[in-house]
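Here's the structure, in structure tokens; my notes come after.
Every chain is numbered from 1, with letters handed out A, B, ... down the list of sequences. In this text the structure is predicted, and so the values were computed from the model without any measurement.
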Protein chains: 2
Amino acid sequence: MKNRAKPTNRQGGAVTAEKLREEAARLFWEKGYAATTTREIAESLGVQRASIYYHIESKEELLYDLCVESLRNIRSAVATAVADKSDPLDRVRAMIRAHVVSMLEDREKHATMLTELRALSAPRRAEIVRLRDEYESLVRAIVSEAQEAGVLWKEASAKELELALLNLLNWTIFWYRTDGELSPEDLAKLFEKIYLGGVART
Amino acid sequence: MKNRAKPTNRQGGAVTAEKLREEAARLFWEKGYAATTTREIAESLGVQRASIYYHIESKEELLYDLCVESLRNIRSAVATAVADKSDPLDRVRAMIRAHVVSMLEDREKHATMLTELRALSAPRRAEIVRLRDEYESLVRAIVSEAQEAGVLWKEASAKELELALLNLLNWTIFWYRTDGELSPEDLAKLFEKIYLGGVART
DNA sequence: GTCTATATTAGGATAGAC
DNA sequence: GTCTATCCTAATATAGAC
């Protein structure tokens with residue numbers, strides 16, 4: 001057996017920028033960005049501290065890339081989910097489902113993006129805020145269309161309804177457990193029912 | 001003029017544990033607990049770094065005290081608000097109002113408590129989790145009573161309805177601005193309407 | 001692509017004077 | 001109750017060998 005390309009790390013494969021980002025997302029979510037050290041990231045991957053700098057320029061780059069990926073993923077999930085729906089209420093339902101499922105299936109990344117924005121330097125933060133605003137515009141447009149079609153309240157603005165919806169969905173990252181009773185789909189159904197119909201018995 | 005007790009800091013008064021906690025809450029919320037340095041806290045108060053250790057034992061103590069205070073305040077606000085109501089639906093409404101107003105009027109403290117728990121050492125974290133669970137039990141009891149009285153859904157459990165309610169309310173800390181269009185009371189009314197009645201036009 | 005070794009700075013906390 | 005001075009550790013990142 002030739003020993004070329006024999007890795008000395010414990011993960012079996014070469015450390016790639018991809019693996020780095022995965023592990024970073026996990027640790028950033030577990031301990032927070034500022035409290036996570038590059039030492040820990042390297043240790044988790046079974047390599048020396050210096051080795052990770054072959055793949056990345058800085059710790060902040062890991063956070064930035066992760067935020068970009070998170071926002072691209074959720075935006076694309078929602079856009080795809082509503083693409084083949086024309087009924088305004090169906091589009092709202094599809095959006096809720098896609099947002100919740102996408103968010104919870106890649107929870108570490110989305111949670112980090114949603115809560116660690118302030119750790120980025122000003123230029124990178126501005127870029128992420130721009131992407132986030134773009135996503136919020138998509139959500140708001142879907143809400144607004146439903147209002148115009150007469151199937152959602154008009155007593156509140158599209159902005160207010162959008163913020164309330166994201167409130168209801170996003171906080172889930174803080175308590176959702178993969179080993180819990182409710183699947184992402186179950187939660188999406190619950191939130192859809194509550195958002196559209198409320199919890200009061202009629 | 002005698003110059004005894006003349007403070008050299010820029011704040012005009014003596015630095016007290018109270019002022020320390022206020023400033024810490026502000027900075028912890030602005031930059032996160034781990035990214036906030038004791039140097040910055042001292043600088044904001046106009047004193048030398050060493051001086052703050054006369055009032056506290058460690059940076060972590062600031063976070064812990066702040067979490068305890070936050071949970072005591074919101075619990076007491078909600079308990080007081082529902083105390084004189086007997087109608088189950090009125091109690092739910094009063095709880096929403098008190099939670100939102102209390103949370104937003106002392107936003108830095110509550111936000112820090114809600115998001116920086118993981119920075120505490122295990123014993124202190126356990127203590128805060130216990131207080132938080134106590135508060136959640138109060139919320140759940142109010143929801144549960146309303147279900148038993150037949151005025152809220154029973155298709156979902158009290159736990160699910162409680163989690164969904166706190167979702168809807170808590171995420172507000174991430175976007176609420178004191179200079180925005182909506183007051184805490186306005187937001188409480190909006191959330192009350194959405195939570196109980198949903199946003200679909202009937 | 002990963003290693004050893006290290007430069008460099010920052011951060012929490014303490015000692016002891018006033 | 002605050003100051004100056006400093007200890008000590010931990011952290012990001014780089015240099016250069018293999």
Side-chain angles (χ1 to χ4, degrees), chain A residues 2-25 27-28 30-66 116 118-121 124, chain B residues 1-25 27-28 30-66 112 116 118-121 124:
Chain A
K2 283 182 184 174
N3 66 349
R4 73 187 163 99
K6 185 175 177 185
T8 55
N9 69 69
R10 304 181 216 120
Q11 299 296 303
V15 170
T16 60
E18 179 58 24
K19 284 192 184 178
L20 252 174
R21 277 196 292 269
E22 294 292 325
E23 191 55 26
L27 287 167
F28 289 169
E30 193 180 312
K31 327 186 30 153
Y33 172 77
T36 299
T37 66
T38 53
R39 283 162 154 80
E40 289 171 305
I41 297 172
E43 222 168 293
S44 295
L45 294 168
V47 295
Q48 292 300 310
R49 306 197 274 277
S51 306
I52 66 174
Y53 289 96
Y54 175 81
H55 304 280
I56 57 162
E57 294 224 314
S58 67
K59 178 180 156 187
E60 198 200 319
E61 189 189 289
L62 282 171
L63 178 60
Y64 175 76
D65 287 352
L66 179 162
E116 297 287 3
R118 61 190 168 185
L120 288 172
S121 65
R124 279 176 164 154
Chain B
M1 186 190 191
K2 283 182 183 172
N3 67 349
R4 70 186 165 102
K6 185 175 176 185
T8 54
N9 69 68
R10 304 182 215 118
Q11 299 295 305
V15 170
T16 60
E18 178 58 23
K19 283 193 183 175
L20 252 174
R21 278 197 291 269
E22 294 292 325
E23 191 56 26
L27 286 166
F28 290 168
E30 193 181 312
K31 326 186 31 155
Y33 172 76
T36 300
T37 66
T38 53
R39 283 162 156 80
E40 288 171 307
I41 298 172
E43 222 169 293
S44 294
L45 293 167
V47 295
Q48 292 299 310
R49 304 197 274 278
S51 306
I52 65 173
Y53 288 96
Y54 176 79
H55 303 281
I56 58 162
E57 293 225 312
S58 67
K59 178 181 157 187
E60 198 201 319
E61 188 189 291
L62 282 171
L63 178 59
Y64 175 75
D65 288 351
L66 179 161
T112 299
E116 297 286 3
R118 62 189 167 187
L120 288 172
S121 65
R124 279 175 162 156

Next on the checklist: Once rounded to the nearest 0.5 Å, what's the spacing between atom CG of Leu63(B) and atom OG1 of Thr112(B)?
Outcome noted: 7.5 Å
Item to check | Step-by-step side chain to side chain contact (heavy atoms under 4.5 Å, CB included) determination, Leu62(A) to Tyr33(A) | outcome: CA-CA 10 Å; Leu62(A) 282 171; Tyr33(A) 172 77; 6.0 Å; no
Item to check | Ala34(B) to Ala35(A) - nearest heavy-atom pair and separation | outcome: CB-N, 3.9 Å
Checklist entry - Of all the nucleotides listed (dT6(D), dT2(C), dA13(D)), which has the minimum atom distance to the side chain of Ser51(A)? => result dT2(C)
Next on the checklist: Without decimals, in angstroms, what is the distance between Ile52(B) CD1 and dT4(D) P?
Outcome noted: 15 Å
Item to check | Nucleotide nearest Val47(B) when distance is taken to its side chain, options dT14(D), dC3(D), dG12(C) | outcome: dC3(D)
Item to check | Nearest to side-chain heavy atoms of Ser58(A), which nucleotide of dG12(C), dT2(D), dA13(D) | outcome: dA13(D)
Item to check | Below 4.0 Å: OP1/OP2 of dT2(C) and any side-chain N or O of Gln48(A) | outcome: no
Next on the checklist: Between C1' on dG11(C) and CD on Glu60(B), what's the gap in Å once rounded to a whole number?
Outcome noted: 16 Å
Item to check | Contact list for DNA chain D against residues 31-38 of chain A - heavy-atom distance below 4.0 Å | outcome: Thr36(A), Thr37(A), Thr38(A)
Checklist entry - Nearest 0.5 Å, what's the OG1-CD distance between Thr36(B) and Glu30(B)? => result 8.0 Å
Item to check | Member of Arg39(B), Glu22(B), Glu23(B) meeting the side-chain hydrogen bond (donor to acceptor under 3.5 Å, both in side chains) criterion with Ser44(B) | outcome: Glu23(B)
Next on the checklist: Please determine whether a side-chain nitrogen of the Lys or Arg among Arg124(A) and Glu60(A) lies less than 4.0 Å from a carboxylate oxygen of the Asp or Glu.
Outcome noted: yes
Checklist entry - Rounded to whole angstrom units, what separation is found between the CG atom of Leu45(A) and the C1' atom of dC3(C)? => result 16 Å
Checklist entry - Can you tell which of dG1(D), dC3(D), dG12(C) lies closest to the side chain of His55(B)? => result dG1(D)
Checklist entry - Just to confirm, is there a sub-4.0 Å distance from OP1 or OP2 of dA13(C) to any side-chain nitrogen or oxygen of Tyr53(B)? => result yes
Checklist entry - To the nearest Å, how far apart are Ile56(B) CD1 and dG1(D) P? => result 15 Å
Item to check | Residues Glu40(A), Lys31(A); criterion side chain to side chain contact (heavy atoms under 4.5 Å, CB included); working and verdict | outcome: CA-CA 11 Å; Glu40(A) 289 171 305; Lys31(A) 327 186 30 153; 2.6 Å; yes
Checklist outcome for this item: From OH of Tyr54(B) across to C1' of dA17(C) the rounded distance in Å is 16 Å
Checklist outcome for this item: Whole-Å distance, Leu20(A) CG to dA13(D) P, equals 13 Å
Checklist entry - Between atom CD1 of Ile41(A) and atom CZ of Arg49(A), what is the distance when rounded to the nearest 0.5 Å? => result 13.0 Å
Item to check | Distance in angstrom units between Glu61(B) CD and dG12(C) C1', rounded | outcome: 14 Å
Checklist entry - More than 12 foreign heavy atoms under 6.0 Å from CD of Glu57(A): is that the case here? => result no
Checklist entry - How bent is the helix from dG1(C)-dC18(D) to dC18(C)-dG1(D), comparing axes over its five end pairs at each side, to the nearest 10°? => result 10°
Checklist entry - Picking from dT2(D), dA13(D), dT4(C), which would you name as closest to the side chain of Ala50(A)? => result dT4(C)
Next on the checklist: Output the rounded distance in Å from CZ (Arg49(A)) to C1' (dT2(C)).
Outcome noted: 14 Å
Checklist entry - Are any side-chain N or O atoms of Ser51(B) and backbone N or O atoms of Val47(B), one a donor and one an acceptor, separated by less than 3.5 Å? => result no
Checklist entry - Do the side chain of Arg39(B) and the base of dG12(C) come within less than 3.5 angstrom through a donor-acceptor pair of N or O atoms? => result yes
